[in-house]
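Below: the structure, in structure tokens.
Below, chain A is the first sequence line, B the second, and so on; all start at residue 1. Bear in mind that the values here come from a model prediction, so they are computed numbers and not experimental data.
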Number of protein chains: 2
Amino acid sequence: MTQIKAPAERAASLTATSAVSTINDVARLAGVSIKTVSRVMNNEPNVREETRAKVKEAAGLLHYRPNLLARSLAGSRSFLLCLLYHNPVPTYINNMHQGVINRCRQSGYHLLAEPQDLQGGDLERSIAGLLATVRLDGVILTPPLCDMAVVMQTVEAAGVPYVRVSPFLYPGRTATVRMDETRAAREATQYLLNKGHRDIGFIMGHPEHGGTHLRYQGYVSAMRDAGIEPRAEWIKQGYFNFESGVEAGKAYFAAEKRPTAIFSSNDDMAFGLMSVAQQLGIRIPDDISIIGFDDTPGCTLIWPHLTTIRQPILDMAYAAADILLSRTSGEEDGPAMNDIVRELPFTLIERDSVRAL
Amino acid sequence: MTQIKAPAERAASLTATSAVSTINDVARLAGVSIKTVSRVMNNEPNVREETRAKVKEAAGLLHYRPNLLARSLAGSRSFLLCLLYHNPVPTYINNMHQGVINRCRQSGYHLLAEPQDLQGGDLERSIAGLLATVRLDGVILTPPLCDMAVVMQTVEAAGVPYVRVSPFLYPGRTATVRMDETRAAREATQYLLNKGHRDIGFIMGHPEHGGTHLRYQGYVSAMRDAGIEPRAEWIKQGYFNFESGVEAGKAYFAAEKRPTAIFSSNDDMAFGLMSVAQQLGIRIPDDISIIGFDDTPGCTLIWPHLTTIRQPILDMAYAAADILLSRTSGEEDGPAMNDIVRELPFTLIERDSVRAL
DNA sequence: GCCAAATCTGACAACGCTGTCAAATAAATT
DNA sequence: AATTTATTTGACAGCGTTGTCAGATTTGGC
């Protein structure tokens with residue numbers, strides 16, 4: 001009873017200095033045990049309404065915010081999500097990032113961004129280390145990590161729920177957020193076919209990215225549906241970056257007969273391709289039509305504006321975060337993790353880089 | 001003595017399953033106290049070399065990784081840095097992000113990315129909440145947050161060391177990483193002057209960004225040095241985004257007499273400007289010369305390639321992280337936080353958007 | 001070979017919270 | 001009114017580490 005005044009005094013100073021107060025301070029001020037404060041802060045049931053109000057008021061007065069680290073150590077949740085990535089396309093990660101963080105905000109979560117080095121070789125060590133070091137409530141895997149067995153194994157071994165964005169291999173292994181890349185690629189190809197193109201080139205993406213194969217399949221199937229067998233000289237290997245687009249362009253334009261249209265597996269390579277065309281005086285779309293994939297900001301910067309497939313990256317990020325967050329927010333009765341597949345729609349964005357033949 | 005075998009057995013299974021082991025496991029396996037393990041893991045002195053080796057071996061065998069959360073709770077370090085930002089230019093944040101993370105990696109640190117909503121109004125609540133929720137070893141403030149008194153006060157009240165990147169107001173308030181924006185802007189302007197331009201427009205950046213004023217000063221001083229008093233109709237207000245560049249462009253090109261060159265406070269606005277020019281059939285650089293600021297990837301995508309000032313963002317990120325990390329890595333004898341100013345060099349990147357008159 | 005000083009090591013109490021479980025209180029039943 | 005049952009509450013033991021401090025061991029000086 002004697003020390004009851006202490007926290008009140010401290011409260012006064014706190015409002016001024018905004019120093020941190022602990023659960024103990026709140027408990028004393030409200031005249032309850034710390035466990036009760038804990039219950040209120042976590043919206044647990046079985047607290048009398050009157051008590052709850054009392055605690056809330058005390059907490060408000062003291063500007064109390066539960067310490068994340070302590071919660072995590074004592075309890076079963078860490079309030080931490082992690083985006084594990086290795087991606088050559090900055091805009092992609094950017095959007096993923098932002099989308100996930102947006103959702104985290106709403107749930108009092110925070111995001112750890114962890115780019116991974118693929119070259120270094122010790123991916124497993126790196127990820128296992130991370131997972132041992134900080135307890136995570138969920139991990140989001142983007143391509144190409146989402147298709148790597150080591151990565152999945154490591155995350156699974158740590159018992160951390162995870163979702164894969166646009167995976168290619170091992171379907172049904174865990175929750176998935178995707179876009180129908182094959183169909184998108186097919187529609188892009190069909191768009192070209194509808195415009196009267198027959199000789200259609202295709203620049204493949206990085207071979208380690210699942211999307212690469214999916215998009216390739218889409219291209220091939222659309223071509224075959226149109227009764228055209230894709231020729232080897234139409235298909236170039238790229239790596240999802242500007243430079244590989246340049247290389248592909250050089251190869252195409254050095255050949256005697258070039259395609260009338262080229263479908264690039266992503267925008268950055270299309271930009272590289274366009275840059276070579278520019279240099280060689282090959283006009284787009286007059287001399288050659290080009291279509292990309294991603295709808296990065298550069299599409300409207302480059303001239304002519306690039307026709308492309310828009311990937312709903314932000315929405316995919318939202319979906320991925322939501323899956324993980326709904327897991328941790330109590331409701332245990334959701335569908336099994338590996339049953340979740342969320343497929344988001346793509347859009348073909350018509351701009352100026354394709355002409356009808 | 002009887003339970004000594006347990007950890008060894010567990011070790012065997014651990015190598016297989018990669019489950020987490022605690023400091024206790026290591027201590028038992030090495031036959032020392034947990035405190036000694038702690039000392040070894042933290043590279044503290046006063047451990048016999050032999051003991052140290054023994055512990056290290058045990059830790060290696062068990063794949064032991066100290067739990068970050070527990071360390072943070074018990075000790076004085078959290079191994080967490082935070083990038084607080086609100087930025088209209090994604091590439092900027094992207095680079096900051098990546099630079100900081102790179103450095104964090106080397107020191108076993110992790111990065112929390114925390115974009116802030118400026119509209120919502122409750123910036124203080126948001127940041128204070130974050131700081132109360134998770135103990136941070138350091139915060140990095142980018143423009144415009146780095147110039148906001150509330151933000152600094154809040155961080156200071158929490159006693160968290162922080163560094164400001166490219167601040168404008170309150171010099172010397174804390175460690176700073178910067179670039180001489182005024183000089184950069186002056187050189188950009190002088191570059192235009194040297195090419196024979198006299199009527200030089202200037203698109204200002206977002207008024208809440210300190211760099212805006214610095215760059216403006218550089219422009220004005222270069223003009224005056226050349227004996228030219230900048231005219232009001234040459235100067236347009238922008239907001240660092242594409243759209244405001246478009247607006248500025250419309251304004252310039254609607255006027256009877258337009259400048260022969262325009263210096264845009266950043267690339268994105270320059271892109272907007274170029275896009276309007278394109279639409280109006282105004283040729284760059286024949287009819288108008290344009291220079292940007294930032295050197296974003298779009299510069300080599302757009303046609304003609306944009307001459308611009310390169311900001312060493314990645315290096316600034318490194319510097320910022322280094323300042324914070326050197327603080328926490330024991331050495332207390334560094335210079336006072338508010339004495340640190342690291343200034344990095346800019347570069348004028350000459351491309352094709354400016355012509356000599 | 002003995003004592004002081006330097007060097008190493010370990011017990012134990014935090015850190016701020018949650019989980020478990022038992023005690024206290026209120027409500028419902030007889 | 002006496003039980004039984006449901007609802008609220010709190011004590012206490014962790015969670016996995018580091019800090020403090022005292023005890024044990026080694027080293028150096030004579």
_side chain to side chain donor-acceptor pair (under 3.5 Å) against N87(B), all qualifying residues, sequence neighbours excluded_ = none

*Sequence neighbours excluded, which residues qualify as side chain to side chain donor-acceptor pair (under 3.5 Å) partners of Y85(A)?*
none

Name the pairs: protein N/O against N/O of nucleotides 23-26 of chain C, kept only if under 3.5 Å.
none

*Does S21(A) use its side chain to pair, donor to acceptor, with the backbone of L62(A) at less than 3.5 Å?*
yes

*Set of salt bridge (charged side-chain N to carboxylate O under 4.0 Å, His left out) partners for R39(B), sequence neighbours left out*: none

*So, Y318(A) versus N102(A): side-chain donor-acceptor pair below 3.5 Å or not?*
yes

*Sequence neighbours left out, what passes salt bridge (charged side-chain N to carboxylate O under 4.0 Å, His left out) with D137(A)? Give chain and number order.*
none

*Going 5' to 3' along DNA chain D, which nucleotides are the first and last within contact of chain A (any atom under 4.0 Å from a heavy atom)?*
dT8(D) to dG16(D)

*Measure the acute angle between the ring planes of H97(B) and H97(A), then classify it against the limits of 30° and 60° as parallel, tilted or perpendicular.*
perpendicular

_Spacing of N67(A) atom CG and T22(A) atom OG1 [to the nearest 0.5 Å]_ = 10.0 Å

Do any side-chain atoms of residues 47-58 of chain B form donor-acceptor pairs under 3.5 angstrom with protein atoms, and if so which ones, sequence neighbours left out?
{"from": "R48(B)", "atom 1": "NH1", "to": "E50(B)", "atom 2": "OE1", "distance (Å)": "3.3"}
{"from": "R52(B)", "atom 1": "NH1", "to": "E44(B)", "atom 2": "O", "distance (Å)": "3.4"}
{"from": "R52(B)", "atom 1": "NH2", "to": "E44(B)", "atom 2": "O", "distance (Å)": "2.7"}

_Test salt bridge (charged side-chain N to carboxylate O under 4.0 Å, His left out) applied to R164(A) - qualifying residues, sequence neighbours left out_ = D147(A)

*By side chain to side chain donor-acceptor pair (under 3.5 Å), which residues pair with H86(B), not counting sequence neighbours?*
none

_Terminal axes of the helix from dG1(C)-dC30(D) to dT30(C)-dA1(D) (five pairs each): angle between them, nearest 10 degrees_ = 30°

*Can you sort out the partners of R103(B) under salt bridge (charged side-chain N to carboxylate O under 4.0 Å, His left out), two or more places apart, ordered by chain and number?*
D322(B)

*Sugar-phosphate means primed atoms, P, OP1 and OP2; the rest is base. With that split, encode nucleotides 12-18 of chain C 5' to 3' as B, S or - using protein heavy atoms under 4.0 Å.*
---BBBB

